[in-house]
Amino acid sequence: MRANAETMRDTRTAADAPAPRDGGRVKVLFPLPLYKAYDYLAETSAGLAPGVWVRARFGPNRLVGVVWPAREDEEPAVEPAKLKPIEAALDAPPLAPAVMDFVDWVAAYTMFPRGSVLRLVMRSGDALAPPEGLVGYRPAGARPARMTPQREAVLAAAEGGVLSARALAAKAGASESVVRALAAAGALAPEPIDPDPPFPAPDPDRPGKALSPEQQAAARRLIDLIAREKPRPVLLDGVTGAGKTEVYLEAVAAALRAAPDAQALVMLPEIALTLPFLKRIAERFGAEPAAWHSDLGAAQRRRVWRRVLDGSARLVVGARSALFLPYRNLRLIVVDEEHEAAYKQEDGVIYQARDMAVARGALGRFPVVLASATPSLETVVNVDQGRYEMARLEARYGGARLPDIALVDMRREPPEPGRWLSPPLAQGVDEALAAGGQALLFLNRRGYAPLTICRRCGSRMKAPDSDTWLVEHRFENRLVCHHTGFSMPKPEACPVCNAVGALVACGPGVERVAEEAAERWPQARRAVLSSDAAGPAQIRAILDAMRDGEIDILIATQLVAKGHHFPNLVFVGVVDADMGLAGGDLRAAERTYQLLSQVAGRAGRAERPGRALLQSFSPDAPVLQALASGDRDLFLAAEAESRRLTGSPPYGRFAAILLRSRNEALLKEAAERHRAAVPRADGAEVWGPAPAPIYRLRGETRMRFLVKTRRDIDIQAYVRTWLKRARLPGAVRRVVDIDPYTFL
DNA sequence: AGCACGCCGACT
DNA sequence: GTCGGCGTGCTC
């Protein structure tokens, strides 16, 4: 048991504490999957202010929780007899009101329990426990009688500040025994050291890199926009290499300058959070930022958390979870690479970090900068509709160039039977290899045959009740719609043109394309990149190998589109450009455009322009035409129009409800009961149950519903009404995913 | 999240 | 007969 050294906090000093209603009764929220805060007795007459960290018994255990603000929607008070006392208030700065508002808001939006969201805030485990005693050494003035080079080195190292024996020894290049000997001789004096050393203050006025006139203009505009009374989110739009980072760092500087305790967060996709990036920031501000990401060690995690809480960590650079740190006075968030799908958190509390950042800004009344070379459609639409501001880094339209893109009409230039790469595509790879460059074959599909088309007439097998494609399930030899659950035996003849035997499973998984690549280019070095191929380390290794030119042909899913840079990539073949246009994934077309933009970004530096070929059965589709035109804004407009027509986000709302269980029969029964309980409402519809994207996972079977509503409908309220009506057996678990990203 | 209470299989 | 499986429900 840890020493309970927390001191009682004199709560009467909390001047702004509103007197608790109902004398001495306060609400406490615990970091557990609980929807509500629990009532406790505060023994001091003034009670405890919201935000104060407390320890109290909850059931049989003692837990740390937070005194929570009383909200309007509360149910009748529990009997006083049930109330337990708060055992202690912890000696730590209270949670800021904006953070509590944010927890409540995220819980309401995502439909996860408040306590689960609070757990995201408290994820640093025992950060509130008193620090363990750590001893360091400083020079004591006295010099030992006998000096050695090692001793000299250690004493010199100790001049720099109080360091632990180990750190001192490492710095001096000597062993710890030298340190101990010096301490014993009285040349070094022991001194307790702070296990969570504060972060040095960033200096916003330090001269940064010289900005180009264009960067200066963008920075100025950004600073003007965010200085407004009621700041709106700003899209910072500029091509790779245009120096977006330097520009938004000026916004960070302005935010830090605005108040002595102001904090700023620069959020990055996990994969982009690298040491060189941190160094770059350190150079600008003359101090290391507080870095926050998933594989931070416990000590670092604790240090960052505590220093963010007490406000001394003023600049945080972190992955999506950094959004939930306990900021004291957050004044700016930059979401770099805002289009990245990696901002979508898929386990635990499911949320979109970019969207939550925007909400955090609104609650805290501060600006949010969304930076990207290939902004997401949602963000672009928000700009178009005047909800977001925009600052562009290139005077020319959008600036994002696309490579030389051509479409391959698969009806006119089909691959040989049993193959998936058309002659032009294969030729593109040939040429890339001959020129000593790399080729990428891109494919949005990792599973098996996802789409059944008629080779004769080009028509796609669709579900009768929706405009979605049918996916072949090989085991059952059936065609299944993953949206609606509709399924039928695979027919012999095409229902449109009646051609017999012309129906083919199309859009092969990466493995099948890899097979074909092996046949065609046996001498080339090839690799397959897909999320079910390997763990993160292997994925990393493949990406590094590609970057370093150790791979000639990479066959990859969307994983490759996550902000990587391959300097020698000269050809991209998109194996099935139709996939995203009406198929499983809402954002597949967008990812294709992002990927292509990346290729183009490099093409400027490469000797020859990058080339891309898109294989399609419907090359006349407006979205594909726009892509092939190489005009980014035209593409975005076409994509927006297609979303508008189908009522998809951002013009409509989606929610996914996943049911899972080890007991398949119970699951099916629960799914049926949910189906029956679907409320009728104007502007809302529910599709399903259908097999979930991954039907069997870790011994569980999973079914999924998709809710689609008009934009003006409160989708959470609709889902709540529905789910309240469908009681589920305990053996079936249910997860709500608002704004789902995975549709496959 | 823990933890206790509560009804159905293979053991001393 | 009982030990114990984990399904279900509660924690102010």
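Labels below follow one simple rule: chain letters A, B, ... track the order of the sequence lines, proteins then strands, and each chain is numbered from 1.
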Can the positive tip of A/R303 be found less than 6.0 Å from the middle of the six-membered ring of A/F199, inside 45° of the ring normal?
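Yes, cation above the ring, under 6.0 Å and within 45°.
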Phosphate contact ([N] OP1 or OP2) by [X] side-chain N/O below 4.0 Å:
X: A/N61; N: C/dT11; value: no
X: A/K84; N: C/dT11; value: no
X: A/Y40; N: C/dC12; value: yes

So, [X] side chain and [Y] main chain: donor-acceptor pair closer than 3.5 Å or not?
X: A/Y327; Y: A/A96; result: no
X: A/R301; Y: A/S294; result: yes
X: A/R331; Y: A/A255; result: no

So which protein nitrogen or oxygen atoms get under 3.5 Å of nucleotides 4-6 of chain C's nitrogens or oxygens?
none

Atom [atom1] of [X] and atom [atom2] of [N]: how far apart are they, to the nearest Å?
X: A/R62; N: B/dA1; atom1: CZ; atom2: P; answer: 22 Å
X: A/F30; N: C/dT11; atom1: CZ; atom2: P; answer: 13 Å
X: A/R114; N: C/dT11; atom1: CZ; atom2: P; answer: 17 Å
X: A/F58; N: C/dC12; atom1: CZ; atom2: C1'; answer: 7 Å
X: A/L32; N: B/dC3; atom1: CG; atom2: P; answer: 12 Å
X: A/R733; N: C/dG9; atom1: CZ; atom2: C1'; answer: 14 Å
X: A/E79; N: C/dC12; atom1: CD; atom2: P; answer: 12 Å
X: A/Y38; N: C/dT11; atom1: OH; atom2: P; answer: 7 Å

Classify [X] by what it touches in the nucleic acid, base, sugar-phosphate, or nothing, heavy-atom distance under 4.0 Å.
X: A/R57; value: sugar-phosphate
X: A/P60; value: sugar-phosphate
X: A/L83; value: sugar-phosphate
X: A/L34; value: base

Determine the interplanar angle of the A/F58 and A/F30 rings, folded into 0 to 90°, and report it as parallel if under 30°, tilted if 30 to 60°, perpendicular if over 60°.
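Rings of A/F58 and A/F30: tilted, as their planes differ by 30° to 60°.
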Should the ring pair A/F654 and A/W687 be called parallel, tilted or perpendicular, given that the plane angle runs from 0 to 90° and is split at 30 and 60?
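A/F654 and A/W687: tilted rings.
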Non-neighbouring partners of A/K708 that pass side-chain hydrogen bond (donor to acceptor under 3.5 Å, both in side chains), sequence neighbours left out:
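side-chain hydrogen bond (donor to acceptor under 3.5 Å, both in side chains) list for A/K708, sorted by chain: empty.
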